[in-house]
Q: 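Got a structure here, written out as structure tokens. Questions coming.
Treat the numbers as computed from the prediction; the structure is a model and nothing was measured.
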Amino acid sequence: MVLRSPQLGLLGVLVALSVVLTLTAGSHVDALTGQTVNNFLNKYTLLQMATDASGFAIMGVGATIVIIAGGIDLSVGAVYAVSGVTMAMVLRAVGPMGPVATVALGLATCISVSLMCGLANGIMVIGLGVHSFIITLGTMWILRGLAFVTSHAESIILPGRLTNVVRAQMGLGEGLYPVPMLVMFVVTALGAVYLSRTVMGRHVFAVGGNPEASRYAGLNVKRVTLGVFVLSGLSAGIAAFLGAGFYGSSTSSDANGYELYVIASAVVGGASLSGGKGSAVSAMLGAMLIVVIRQAIRTLHLDQNYEWIIVGTAMILAVVIDQSGTRLMSRRLTAGRDSSRST
């Protein structure tokens, strides 16, 4: 997979920030090995950051596809919560099963619920003719309320057999759980292939760039719109399975506020809110950048409230840079056309 210039820029910012943190974080003595390790550059912190980023990144891939198509999905956090709660309730109702059956039923439940949520969002956006911002803002509250009512606001414990799979150490040693990070890479790769190597992916860019022209060109805009919301819901369901499985429980307040981080990941990663631009890899890098910023605040013992200020500032800067680039490109195209006419 070849990285383009915006992704290389994000990667450069990540590396530069990591170098600064490594130099300023200090060190401590590892309780397991007795060795002195850097407070930031150590395998436990790095893998924990990758785990934290996996939820944002997986949902960010789905949200980016919606944004490329010219829409927005504010309900991803609520889809995460209702999927996780439903999975926990189903597994509790069914009772003890073998590890494979437990994981299969849990994953199938999460995916089924999230697909239905995404399908409902897409049908309402198409059928009611209302902007996706309003529809998904409404479903965000509806789904969060459903999760609250059905679970009675309780934290439902998941079977240990499922948690053991999500927290598998895979030979890395005590305290290292790579499964969420590996799933994040797989989902990002699938999202990148879908957007760049499939006909449906190219239709998403076309619809987001100019829906009217896409309609006149014979593209089924409604089918594309429905598909992107289904994919966004699916990504939230996968993240819910991993998140609930990793922490061993599910509650209606899970992923509360995640929609802001997910949209920020997509936008900081270069997705244009006007549609037609974005990538899955950039969304993953955007999620990692946000998590590194959060880790920097913890490592440097700064006030946690600065997290919101920094993430908000990064999002505004990303949008301003994107719009400046679009205007510059438009001026160059206009100048090129004027020059060709004069000759």
Side-chain angles (χ1 to χ4, degrees), residues 1 3-4 6-7 9-11 13-14 49-81 83 110 114 117-118 121 132-133 136 140 180-196 201 204-205 208 227-243 246 254-273 275 277-295 307 311-312 314-315 318-319 322:
M1 185 178 297
L3 296 181
R4 298 177 181 176
Q7 295 156 359
L10 266 176
L11 200 57
V13 172
L14 274 170
M49 284 195 298
T51 300
D52 291 342
S54 62
F56 300 148
I58 290 170
M59 289 192 286
V61 171
T64 296
I65 294 173
V66 175
I67 289 172
I68 292 173
I72 196 165
D73 189 352
L74 297 175
S75 68
V76 287
V79 174
Y80 179 117
S83 300
C110 266
S114 61
C117 294
N121 278 334
S132 55
F133 180 92
T136 57
M140 177 182 77
M181 177 186 68
L182 296 176
V183 176
M184 173 183 70
F185 288 144
V186 171
V187 170
T188 302
L190 290 175
V193 170
Y194 172 79
L195 288 172
S196 62
V204 172
F205 281 100
V228 299
F229 280 101
V230 169
L231 290 176
S232 180
L234 175 62
S235 67
I238 295 172
F241 173 79
L242 290 172
F246 189 85
D254 283 347
N256 194 16
Y258 269 32
E259 54 278 348
L260 300 179
Y261 283 109
V262 169
I263 293 171
S265 300
V267 173
V268 170
S272 174
L273 290 174
K277 183 181 174 185
S279 85
V281 175
S282 294
M284 184 188 72
L285 293 175
M288 287 185 171
L289 180 60
I290 289 174
V291 171
V292 170
I293 290 173
R294 295 172 64 181
Q295 184 62 37
E307 174 184 334
V311 172
M315 190 169 173
V319 173
D322 171 67

Q: Going by the side chain to side chain donor-acceptor pair (under 3.5 Å) test, which pairs reach into residues 52-62, not counting sequence neighbours?
A: Q48-D52

Q: Go through the structure and list residues passing side-chain contact (heavy atoms from CB on, under 4.5 Å) with I67, not counting sequence neighbours.
A: A266, A271, L273

Q: Name every donor-acceptor pair, under 3.5 Å, that has one atom in a side chain of residues 288-295 and the other anywhere in the protein, sequence neighbours excluded.
A:
residue, atom, partner, partner atom, Å
R294, NE, E307, OE2, 3.3
Q295, OE1, R298, NH1, 3.3
Q295, NE2, T299, OG1, 3.1

Q: Once rounded to the nearest 0.5 Å, what's the spacing between atom CZ of F185 and atom CD1 of I58?
A: 10.5 Å

Q: Looking at every heavy atom in both V268 and G286, which two are closest together, and how far apart are they?
A: CG1-CA, 4.4 Å

Q: Any side-chain heavy atom of L74 within less than 4.5 Å of one from I263?
A: yes

Q: With sequence neighbours excluded, what pairs up with F241 under the ring pair (Phe, Tyr, Trp, His ring centres under 6.0 Å) test?
A: none

Q: Using the side-chain contact (heavy atoms from CB on, under 4.5 Å) criterion, which residues pair with F246? Sequence neighbours excluded.
A: T51, V166, R167, Y177, P180

Q: Enter the distance from F133:CZ to I72:CD1 here, rounded to the nearest 0.5 Å.
A: 7.0 Å

Q: Could you pull out the closest heavy-atom pair between G55 and A239, with the gap in Å?
A: O-CB, 4.1 Å

Q: Taking side-chain contact (heavy atoms from CB on, under 4.5 Å) as the test, write out the residues that go with V230, two or more places apart.
A: L115, L119

Q: Of all heavy-atom pairs between V76 and A236, which one has the smallest distance, and what is that distance?
A: O-CB, 3.7 Å

Q: With sequence neighbours left out, write down each residue that passes side-chain hydrogen bond (donor to acceptor under 3.5 Å, both in side chains) with S232, or none if nothing qualifies.
A: D73

Q: If you look at every heavy atom in G237 and S83, which pair is closest and at what distance?
A: CA-OG, 4.3 Å

Q: Using 0.5 Å steps for rounding, measure from the CE atom of M184 to the CD1 atom of I238.
A: 13.5 Å

Q: Indicate the atoms forming the closest heavy-atom contact of A63 with V262, along with that distance.
A: CB-CG1, 3.5 Å

Q: What's the separation between atom CG in L234 and atom SG in C110, rounded to the nearest 0.5 Å?
A: 10.5 Å

Q: Heavy atoms only: give me the nearest M59-S235 pair and the separation to one decimal.
A: CA-OG, 3.7 Å

Q: For S279, check side-chain hydrogen bond (donor to acceptor under 3.5 Å, both in side chains) against everything at least two apart and list the hits.
A: Q7, S282

Q: Using 30° and 60° as the class limits, which term best fits the ring planes of Y258 and F56: parallel, tilted or perpendicular?
A: perpendicular

Q: Is a donor on one side and an acceptor on the other found under 3.5 Å between the side chain of T188 and the backbone of A280?
A: no

Q: Once rounded to the nearest 0.5 Å, what's the spacing between atom CG of L11 and atom CG of L285?
A: 6.0 Å

Q: For A283, give me all partners under side-chain contact (heavy atoms from CB on, under 4.5 Å), at least two apart in sequence or on another chain.
A: T64

